[in-house]
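This report concerns only the one structure given below.
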Amino acid sequence: MPSNKSYDLIIWGASGFTGRLVAEYLFQQYTKGNGEKAALRWAMAGRNKEKLEKVRSQVADDSIPLIIADSHDRQSLEAMSAQSKVICTTVGPYGKYGSELVAACIATGTHCCDLTGEVLWMRDMIDKNHESAKAKGVKIVHTCGFDSIPSDMGVYYIQQQVKANTGQAAQGIKMRLKAASGGLSGGTYASMNDTLEKVRDNKKLYKTLIEPYSLNPEGEQNGPDKPDLQAVVFDKQANSWIFPFIMAGINTKVVRRSNALAGYPYGKAFRYDEAVMSGKGISGRMKGIANAAGLGLVMLAKPGSFLRKMLNRFFPKPGEGPNKQERENGFYNMRFYTTHADGSTGLGKVTGDRDPGYGSTSKMLAECGICLAKDQTPDVAGVLTPSIAMGDALLKRLQANAGLTFEYKADA
Ligand SMILES: NC(=O)c1ccc[n+]([C@@H]2O[C@H](COP(=O)([O-])OP(=O)(O)OC[C@H]3O[C@@H](n4cnc5c(N)ncnc54)[C@H](OP(=O)(O)O)[C@@H]3O)[C@@H](O)[C@H]2O)c1
């Protein structure tokens, strides 16, 4: 990779809800930090100079350069990516605005990390760019936010612990979201609607969305896992009722892709699934049913229908999202129940200290960008998952700087 670039990283989409949080984090924790941290060379980018200037005046100062690049103008994207070792992008929906940037990054030898949870777009990017990115030594890293870092890095960490304890990787892991507090942004809601619109009346795309192994390499899209949970059931190992997790369809596929890209260190028979815990007894069951019904309503409302229009009125618009207090009081607590070949079990735990979608996600994306620019990362390239692209270096950063904790206890 060329090292004569002006910047370590550029945050593109800095005028949006999540992009401005990334810029604020970089300014507070790095530009205003000590020693090596203060030496980080970064810039804010977007399509609208006035908006960028306004956001810069609120979250940083004039020392941070501004760069103009529009997703519809390939030349501007190449001019931007040529200047930086890494582009962190929060310009979404990625299926609408992200593809040209990926091509520009590959053309200019620039790593790229994003916050997409759009499975259809990720499949498209893998098909179109995995080989060319690999040939250029470029890492294109999707899902560098709440989806799917806690799941992907959680399984990566826990499998290391299980191997150290039992000599073999866990045969199965169940992620159960125990508790979380946060909110949704208009950008995320728009991205979700964009995906629902695409799969409507398109069976092939719908299959990609629901098939468990659809992000695996061609010819390796099979294994023991079934499509994600669609009911409320009692989970004995977690001793709780569980209901469907909205992010499961993304996270589980990312974990399976990591296993495949690494040559199956978790085994070809490895099983992984995700759900949300709603507690014990009748109240836990009722809570699960109420949550599952709400989720079903959001997912099944047809784009353009009366129900979708009604729902749209209750969700935030692009540029909006949870306020500072909601972000700072937010958190998440994920449990990972493991089963092993020798009959033993274990319990892993991943927590985050801000709301999952924005407070924590903005720190995770920033640390991924810095990790790709500065750390010794595994010698792999292509369209990758976070654990494959950054491995132990990212694990270290997330714990040291981004407020995540990773724990594991055998025989729990
Ligand atoms: N994985 C996760 O955990 C996670 C968490 C949070 C967000 N996300 C994803 O991140 C994305 C952003 O979310 P958000 O809430 O920050 O959205 P947002 O507030 O709507 O911000 C979108 C950004 O994209 C920019 N943009 C739009 N069209 C553009 C174009 N043609 N060229 C260049 N820039 C353009 C906007 O610029 P203007 O300001 O000029 O309009 C804005 O800066 C969404 O796809 C969302 O799903 C994922």
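Predicted, not measured: the structure shown is a model, and the values here were computed from it. When a ligand or atom number is given, it counts from 1 through the structure's own listing order.
Heavy-atom proximity to Thr90, at under 4.0 Å, picks out these atoms of ligand 1: 11 (C), 12 (C), 22 (C), 23 (C). Near Thr361, meaning under 4.0 Å from any of its heavy atoms, are these atoms of ligand 1: 3 (O), 5 (C). Annotation for ligand 1: atoms under 4.0 Å from non-hydrogen atoms of His72 are 31 (N).
Inclusion of Ser191 in the set of residues having an N or O under 3.5 Å from an N or O of ligand 1 is warranted. The shortest N or O to N or O distance between Thr18 and ligand 1 is under 3.5 Å. Considering backbone and side-chain atoms together, Gly117 places no N or O closer than 3.5 Å to any N or O of ligand 1. Residue Ser71 has at least one N or O atom closer than 3.5 Å to an N or O atom of ligand 1. The N/O atoms of Tyr358, backbone and side chain alike, include none that comes under 3.5 Å of an N/O atom in ligand 1. For ligand 1, none of its N or O atoms has an N or O atom of Gly46 under 3.5 Å away. Any N or O atom pair closer than 3.5 Å counts here, and Gly19 shares no such pair with ligand 1. For the pair Gly92 and ligand 1, the shortest N or O to N or O distance does not fall below 3.5 Å.
Assignment of Gly357 to the shell around ligand 1 is supported, since a heavy atom sits closer than 4.0 Å. At least one heavy atom of Gly13 sits less than 4.0 Å from an atom of ligand 1. Under a 4.0 angstrom heavy-atom cut-off, Cys144 registers as lying outside contact with ligand 1. The closest approach between a heavy atom of Trp12 and any atom of ligand 1 is below 4.0 Å.
Atom CD of Glu53 is surrounded by more than 12 heavy atoms from other residues, nucleotides or ligands within 6.0 Å. With a 6.0 Å radius and a threshold of 12 heavy atoms from other residues, nucleotides or ligands, Gln58 has its CD atom above the threshold.
Ion pairing between a basic and an acidic side chain is recognised when a charged N comes within 4.0 Å of a carboxylate O; Glu78 and Arg74 show such pairing. With salt bridges taken as basic N to acidic carboxylate O contacts below 4.0 Å, one links Asp127 and Arg123. Using a 4.0 Å cut-off between charged side-chain N and carboxylate O, Asp8 and Arg41 make a salt bridge. Look at Asp273 and Arg176 and you find a salt bridge, because one of the NZ, NE, NH1 or NH2 atoms lies within 4.0 Å of a carboxylate O, short of that distance.
Heavy atoms of Glu320 found under 4.0 angstrom from ligand 1: none, in either backbone or side chain. Contacts between Ala69 and ligand 1 below 4.0 angstrom, taking non-hydrogen atoms only, involve the backbone exclusively.
Looking at atom 37 (O) of ligand 1, its nearest protein heavy atom turns out to be Ser15 OG, 3.4 Å. What sits closest to atom 41 (O) of ligand 1 on the protein, heavy atoms only, is Arg47 NH2, 2.8 Å. For atom 7 (C) of ligand 1, the closest non-hydrogen atom on the protein side is Thr188 OG1, 3.4 Å. For atom 2 (C) of ligand 1, the closest non-hydrogen atom on the protein side is Asp147 OD1, 3.1 Å. Closest protein heavy atom to atom 18 (P) of ligand 1: Gly319 N, 3.7 Å. From the protein, the heavy atom lying nearest to atom 21 (O) of ligand 1 is Gly16 CA, 3.4 Å. Among protein heavy atoms, the minimum distance from atom 15 (O) of ligand 1 is reached at Ser185 OG, 2.6 Å. Among all protein heavy atoms, the one lying closest to atom 48 (C) of ligand 1 is Leu115 O, 3.1 Å.
Side-chain N/O atoms of Ser258 and Tyr156 include no donor and acceptor closer than 3.5 Å. A donor-acceptor contact closer than 3.5 angstrom is absent between the side chains of Ser84 and Trp42. No side-chain donor from either of Thr345 and Gln237 sits under 3.5 Å from a side-chain acceptor of the other.
Closest heavy-atom approach to atom 34 (N) of ligand 1 within the set Asp355, Val91, Thr116, Leu77: this belongs to Val91.
Of the possible donor and acceptor atoms, none in the side chain of Lys85 sits under 3.5 Å from a partner among the backbone N and O of Leu372. Checking side-chain atoms of Tyr94 against main-chain N and O of Thr89 turns up a donor-acceptor pair under 3.5 Å.
Ring geometry for Phe17 versus Tyr358: interplanar angle over 60°, hence perpendicular rather than tilted (30 to 60°). Using cut-offs of 30° and 60° for the angle between ring planes, the Phe270 and Tyr266 rings count as perpendicular. The aromatic rings of Tyr97 and His72 lie perpendicular to each other, with more than 60° between the two planes, well past the 30° mark.
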Intermediate values then yes/no, side chain to side chain contact (heavy atoms under 4.5 Å, CB included), Asn312 and Tyr189: CA-CA 9 Å; Asn312 288 349; Tyr189 184 60; 2.5 Å; yes
